[in-house]
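As structure tokens, the structure follows; a few thoughts come after it.
Chain naming here is simple, since letters A, B, ... match the order of the sequence lines and numbering starts at 1 in each.
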Amino acid sequence: MIKAILVFNNHGKPRLTKFYHYFSEDMQQQIVKETFQLVSKRDDNVCNFLEGGSLIGGSDYKLIYRHYATLYFVFCVDSSESELGILDLIQVFVETLDKCFENVCELDLIFHVDKVHYILNELVMGGMVLETNMTEILTRIEDQNKLEKQEAGITAAPARAVSAVKNMNIPQQIKDMKLPDLPQAIKDLKF
Amino acid sequence: MALKKVKGNFERMFDKNLTDLVRGIRNNKENEAKYIAQCMEDIKQELRQDNLSVKSNAIAKLTYLQMLGYDISWAGFNIIEVMSSNKFTLKRIGYLAASQSFHCDSELLMLTTNMIRKELNSQNQYEAGLALTSLSCYISTDLARDLSNDILTLLSSTKPYIRKKAVLMMYKVFLKYPDALRPAFPRLKEKLEDPDPGVQSAAVNVVCELARKNPKNYLSLAPVFFKLMTTSTNNWMLIKIIKLFGALTPLEPRLGKKLIEPLTNLIHSTSAMSLLYECINTVIAVLISISSGMPNHAASIQLCVQKLRILIEDSDQNLKYLGLLAMSKILKTHPKSVQAHKDLILQCLEDKDESIRLRALDLLYGM
């Protein structure tokens with residue numbers, strides 16, 4: 001079973017946190033911090049397995065991680081999982097992200113962590129490996145993206161216009177604009 | 001009145017979405033806590049609106065803030081509202097938020113039973129999929145008991161995607177509501193022979209987890225697994241089965257004797273390191289459980305130790321680590337075979353990798 005999946009950058013900032021056991025938010029932050037400390041002090045040419053930290057618990061747990069450029073992908077697993085298998089799975093996860101985001105980089109994870117979660121949900125469910133075949137995973141993601149597009153449809157046009165407007169940085173005044181009070185007679189009109 | 005509504009809609013268009021929130025936080029590094037506090041206020045405002053799109057946007061932002069360490073359980077009821085949307089896009093946001101912040105003792109879980117049941121029976125496999133995935137993160141004893149039959153029914157869905165998820169979900173149900181196991185087990189067993197390889201793999205996964213806790217009860221499945229092992233080419237599934245056999249052989253040495261040959265064949269034929277390693281591990285487990293009387297006993301031990309030496313000598317640190325890990329299992333019952341390689345292990349004590357030094361030390365301590 002997988003107990004947690006953590007993605008954080010070279011400074012320890014969390015980019016994705018998925019816990020398959022309940023921990024309070026404070027505990028979760030501590031776990032991320034401790035995991036970062038354990039993993040970041042390792043050279044790049046040592047093995048990818050770390051006997052688990054004290055927080056995430058217990059001698060049956062290992063940290064299996066991969067370091068890609070500015071990001072660490074860490075899976076905390078128990079002895080029912082194959083170490084090399086999980087290492088492969090991390091690779092599948094990252095390659096899937098690469099296909100979905102077209103040459104994925106940290107910024108993609110920063111701004112679209114929700115999409116990353118949806119992708120991860122096609123690989124791991126409730127701490128158990130769901131699917132390891134990339135073709136199958138990508139098909140499922142594509143299907144759901146289509147559903148999203150269909151629902152957005154024509155109603156997405158205003159949303160896109162709004163995004164464009166936001167990017168123009170229209171001053172706050174428009175939001176604070178006070179509309180004049182209408183004469184009572186008009187206010188009383190019922191439509 | 002109408003103008004107020006127009007102004008309201010106008011304001012809504014300037015609500016921050018997730019991207020805006022993330023950008024805003026990055027642009028306010030100096031006063032992050034204060035900025036986020038303001039965003040929280042905005043979110044609370046948005047959650048008071050009737051419009052589900054607006055609420056969903058707020059929940060999406062809250063999910064992000066949860067990752068930064070903020071407790072969002074106060075918005076539980078709103079999360080459930082968003083989960084109940086009839087739009088996939090919005091529903092998905094709700095289910096994700098639930099999986100990140102609900103837990104099995106959350107009181108509001110009982111409000112979700114009927115909604116989840118409805119979702120599980122949806123015509124749209126992705127909606128049912130959303131519910132299953134989310135539920136697997138926080139299922140409680142009550143939910144397990146109430147939904148166990150619905151999930152069991154999904155094992156017969158025409159969609160392999162659903163069958164696969166339902167199979168894994170059953171394991172979570174068993175954990176919270178053990179009474180469900182006995183009646184469900186025959187159905188689960190059938191899935192070991194499901195035509196879809198993904199579903200088969202999921203079933204193997206679940207049975208392996210169950211067997212880890214209670215190996216005795218699953219010995220009877222050994223023939224089924226044996227057949228799967230000799231016919232499947234799915235490495236993930238093979239690994240799970242072979243690990244399972246490793247756990248079963250102490251209970252049934254005759255099983256072990258039957259396994260030596262196919263496992264040895266796999267060791268010689270597979271190109272997947274992950275599979276090779278697990279085969280070696282299980283052969284070791286078999287040889288440990290069989291005290292003697294096997295003609296090729298010594299030869300098999302030698303083969304394993306030989307293969308492990310190759311792993312330990314490899315420049316790949318991962319293989320080195322795993323080789324040392326497996327050696328320590330042989331040490332207990334066949335110390336002489338391992339002694340022969342003391343030189344190699346001593347070398348590993350000097351390795352720059354702390355994990356490797358730890359394994360080497362562990363081994364030497366046992367010698």
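Interface remark: B/F88 contributes backbone and side-chain atoms alike to the contact with chain A (heavy atom separation under 4.5 Å). Within the 4.5 angstrom heavy-atom criterion, only side-chain atoms of A/E136, from C-beta onward, approach chain B. With a 4.5 Å cut-off on non-hydrogen atoms, A/Q28 touches chain B through its side chain but not through its backbone. Heavy-atom distances place the side chain of B/L325, and not its backbone, under 4.5 Å from chain A. Heavy atoms closer than 4.5 Å to chain A are found nowhere in B/T63, neither backbone nor side chain. When heavy atoms are compared at a cutoff of 4.5 Å, B/Q125 approaches chain A solely by way of its side chain, counted from C-beta outward. B/N124 touches chain A through its side chain: at least one heavy atom from C-beta onward sits under 4.5 Å away, while N, CA, C and O do not. Neither the backbone nor the side chain of A/N133 comes within less than 4.5 Å of any heavy atom in chain B. If you measure heavy-atom distances from B/S99 to chain A, the contacts under 4.5 Å come from both the backbone and the side chain. Only the side chain of A/R42 has a heavy atom closer than 4.5 Å to any heavy atom of chain B.
Not a single ring pair (Phe, Tyr, Trp, His ring centres under 6.0 Å) links B/Y70 to another residue, sequence neighbours left out.
Contacts from residues 116-126 of chain A to chain B, taken as heavy-atom pairs separated by less than 4.5 Å, involve A/H117, A/Y118, A/N121, A/E122, A/M125, A/G126 in sequence order.
Per-residue heavy-atom pair counts under 4.5 Å with chain B were compared for A/S80, A/G85, A/S24, A/S82, and the maximum is reached by A/S80.
The backbone N or O of B/S101 sits nowhere less than 3.5 Å from a side-chain atom of A/E25 that would complete a donor-acceptor pair.
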